[in-house]
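Here is the naming used below: chain letters follow the sequence lines, and residue numbers restart at 1 for every chain.
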There are 2 protein chains.
Amino acid sequence: MSDLMRKAGELDAADPLGGLRDRFVLDDVVYLDGNSLGALPANVPAAVDDVVRRQWGELRIRSWEESGWWTAPERIGDRIAPLVGAAAGQIVVGDSTSVNVFKALVAAVRMAGEGRDEILVDATTFPTDGYIAESAARLTGRTLRPVTPAEVPAALGERTAAVLLNHVDYRTGRLHDLPALTAAVHAAGAYAVWDLCHSAGALPVGLDEHGVDLAVGCTYKYLNGGPGSPAYLYVRRDLQARFDSPLPGWNSHAEPFGMRGAYEPASGAPRGRVGTPDILSMLALEAALEVWDGVSIEAVRAKSLALTDFFEECVRAYAPPGRVESVTPAAHAERGSQVALRCDDAGDVMKRLIEREVVGDFRAPDVLRFGFTPLYIGFADVERAARVLAEVLGEALP
Amino acid sequence: MSDLMRKAGELDAADPLGGLRDRFVLDDVVYLDGNSLGALPANVPAAVDDVVRRQWGELRIRSWEESGWWTAPERIGDRIAPLVGAAAGQIVVGDSTSVNVFKALVAAVRMAGEGRDEILVDATTFPTDGYIAESAARLTGRTLRPVTPAEVPAALGERTAAVLLNHVDYRTGRLHDLPALTAAVHAAGAYAVWDLCHSAGALPVGLDEHGVDLAVGCTYKYLNGGPGSPAYLYVRRDLQARFDSPLPGWNSHAEPFGMRGAYEPASGAPRGRVGTPDILSMLALEAALEVWDGVSIEAVRAKSLALTDFFEECVRAYAPPGRVESVTPAAHAERGSQVALRCDDAGDVMKRLIEREVVGDFRAPDVLRFGFTPLYIGFADVERAARVLAEVLGEALP
């Protein structure tokens, strides 16, 4: 047994979150793709079966009230809230992340008023945010200006209406400074919209504490809600009355069943709703969130950093020198819960890794992405992944 | 046994669709709310369980390819297509009806060009269409003009960009003349957007035949997709290259995994996609659509009309005279698959009906709505519903 294997064993033995793995359905595969699709929580299949067979099959239409379907978007929003540092009543679940980016950005621009004609968007972000921001700018008559997060402070000014940023970069795993960037946006009189897809459930976000204006995120990564599970929208409480949605569907009406011709927005988080909520996926997510019972996000963050540190250590020890280069920041303050390694033949390497039951993913053109979900990944998994990676890298010289 | 009971028995015995009821999970309740939430198809629970346990739980991220998750929106769109008279390659499933109305209407206005500055919307329609149309008008700098469908021909003109109409009115069950109205819209040089929520799966729509430009619909009513199952968007093939989406999420990109900064729309139906598709709900819908195997929509229409005719006949025979008034057109050409009865105490009457296992729904302020799903409702159900309704109406005089 190598030193690193021994060290992994010690770290696992001392891990206060080690027992949480039992809350998931897992096999012998090292699953380092929870930053793309979280593993299945063990309680979800029975919960979904109940939704389908009893709530839909037996109660049918009555379930909108009796099974709490109608209020699910807010109720599940409140369940997500503590994980992102939000008090209750500010998050609503529904639609995709892209659709929520659209709602948030158009609403932010409207809050900023006519005098501010520019939207800043993270040029390094997941592309959908940029595409949607471009549409929001076009439809509201604003100019879109892509900048890197580092360039944001200098780009801010009297023209800035809103800034759309990703908390953690999907490719490099870089964690951006949400408190400082939000403060800078506010100092310029603009609105900050954060995309939490790659941070929620992996590290403390502190939405309320840092005065974030609006935020969105998906629920199928570190929140384990299942494939394509609905996203969420956060609107800070004191901004809710000014949240002017570009998608004012009947679910966001003050009196949805009044079937009234004139639109009058609901107060509070439900104002962010649009159409009929997607109940199967939504209640699967609700069940999935039970794995967080008694889990502190600070403990998750501590383990996440230990996992990524240890992975970097193992890769340095095992991999042929110079074969891969980490594009993830070494500093803890700048790192999310993934490690991204660059190598020319990343697509081929990932294919071979998956054949050997180490599952990460490939992001074009040359990045190997490994996500570390502290709820179900242990240190022995990390050591094994690095060891198999080293084997593959040694065999398949580009 | 009354004459009407005997007649019901004869009609059921002669019903070519009678055997289809076995494809659903039903009990002794007379479920006349399939126009709000379709009953559970019997094959769906096992299909969903497979999606959760095997596709998500075991294959995890691999299912995006191996289980066909990625292509589900187009594949399921093609499964819906024959039910609404569309050739393959023109329908994509995803998002809510409201979100799809937004996509369709903004895209239609853009197709119409700058010179046309007015949107007509059905003033009698389900409110969400009007709310969303108002937002589409505001964001594209057009004027929204609510008119009744009957007023549409006279309201059309050189200013008209697009017209949003409901095929069947959610409240009265009135079926509008899609071929004639579409032709009138086209004669004015405008674009016709149809909402099929209350017609798809209940009667032939003929999208291709009648040259409809864009259409949307939900899948949880007569298509039995489950609570909040994803909606769909139809863009006629020759318009697809000009479909300029206001929600250009990464799923609609020509190369979604290229993660490119510049947006380039996919060709064909996928251009109507937005974000990550909601797989659980989407694959539940796919399984639910299997109940249509071997079923002709013309046969469904014939039975639907026979059911609503018979319901009206039974109500006339049983109910205290003058106690209820049908607001559903008597003419077959103007009737969808529901009967709406007006009475002052409709809310209370519906509550009592549901207690006696006849389930319809109440629409404020004074409408009893009864939806007839030909796949699982029989003539004996109809007779019993009318009989119980008459009892309730006789007891609870307002």
Ranked by heavy-atom pairs below 4.5 Å to chain B, first place among I61(A), D49(A), V44(A), I279(A) goes to I61(A)
Sidechain-backbone polar pair: W56(B) side chain, G38(A) backbone, donor-acceptor under 3.5 Å: yes
Side chain to side chain, I132(B) and P248(A), heavy atoms closer than 4.5 Å:
yes
With a 4.5 Å cut-off on side-chain heavy atoms, are W69(A) and L37(B) touching? yes
Okay, D244(B) and chain A: the region with an atom under 4.5 Å from a heavy atom over there is side chain
Counting heavy-atom pairs under 4.5 angstrom with chain B, the leader among P227(A), P256(A), C218(A), G228(A) is P227(A)
The interface call for A42(A) against chain B, heavy-atom contacts under 4.5 Å, is neither
Checked G57(B), S96(B), P45(B) vs chain A; the most non-hydrogen pairs under 4.5 Å come from P45(B)
Exercise. Taking everything shown except E65(A) itself, do over 12 heavy atoms lie less than 6.0 Å from its CD?
Worked result: no
Given R53(B), E134(B), M282(B), R62(B), the one with more heavy-atom pairs under 4.5 angstrom with chain A than any other is R53(B)
Bottom line for R110(B): the part with an atom under 4.5 Å from chain A's heavy atoms is side chain
Max heavy-atom pairs within cutoff under 4.5 Å with chain A, candidates R138(B), R171(B), Q55(B), goes to R138(B)
Pair count under 4.5 Å, heavy atoms only, with chain B: among G261(A), A39(A), G130(A), highest is A39(A)
Those residues of residues 358-366 of chain B that come under 4.5 Å of chain A on a heavy-atom basis, listed by number, are V359(B), R363(B), A364(B)
Query raised in the report: Do the side chains of V367(A) and M259(B) get nearer than 4.5 Å, heavy atoms only?
Result: no
- Could you tell me whether a side-chain N or O of S135(B) sits under 3.5 Å from a main-chain N or O of P246(A), the two making a donor and an acceptor? yes
Comparing F102(B), F257(B), Y263(B), W250(B) against chain A, the one with the most heavy-atom pairs below 4.5 Å turns out to be W250(B)
Looking only at V274(B), D129(B), V106(B), T128(B), the option with the highest number of non-hydrogen pairs under 4.5 Å against chain A is T128(B)
Notebook entry, point to check: Under a 4.5 Å cut-off applied to non-hydrogen side-chain atoms, are T97(B) and T276(A) in contact?
Noted result: no
Contact list (residues 22-29 of chain A to chain B, heavy-atom gap under 4.5 Å, by number) returns V25(A), L26(A), D27(A), V29(A)
Residue from W64(B), Y31(B), Y170(B), Y220(B) scoring the most non-hydrogen pairs under 4.5 Å with chain A is Y31(B)
| Can you tell if the side chain of L139(A) reaches within under 4.5 Å of the side chain of T140(B), non-hydrogen atoms only? | yes
task: Look at the rings of Y131(A) and H253(B) and say which category their plane angle falls in: under 30° parallel, 30 to 60° tilted, over 60° perpendicular.
output: parallel
Cut-off 4.5 Å, heavy atoms of chain A, and the answer for D278(B) is both
Cut-off 4.5 Å, heavy atoms of chain A, and the answer for P277(B) is backbone
ask   = Can you tell me if CD on E114(B) sees more than 12 non-hydrogen neighbours from other groups inside 6.0 Å?
value = no
If one checks every heavy atom of A136(B) against chain A at 4.5 Å, the contacting part turns out to be neither
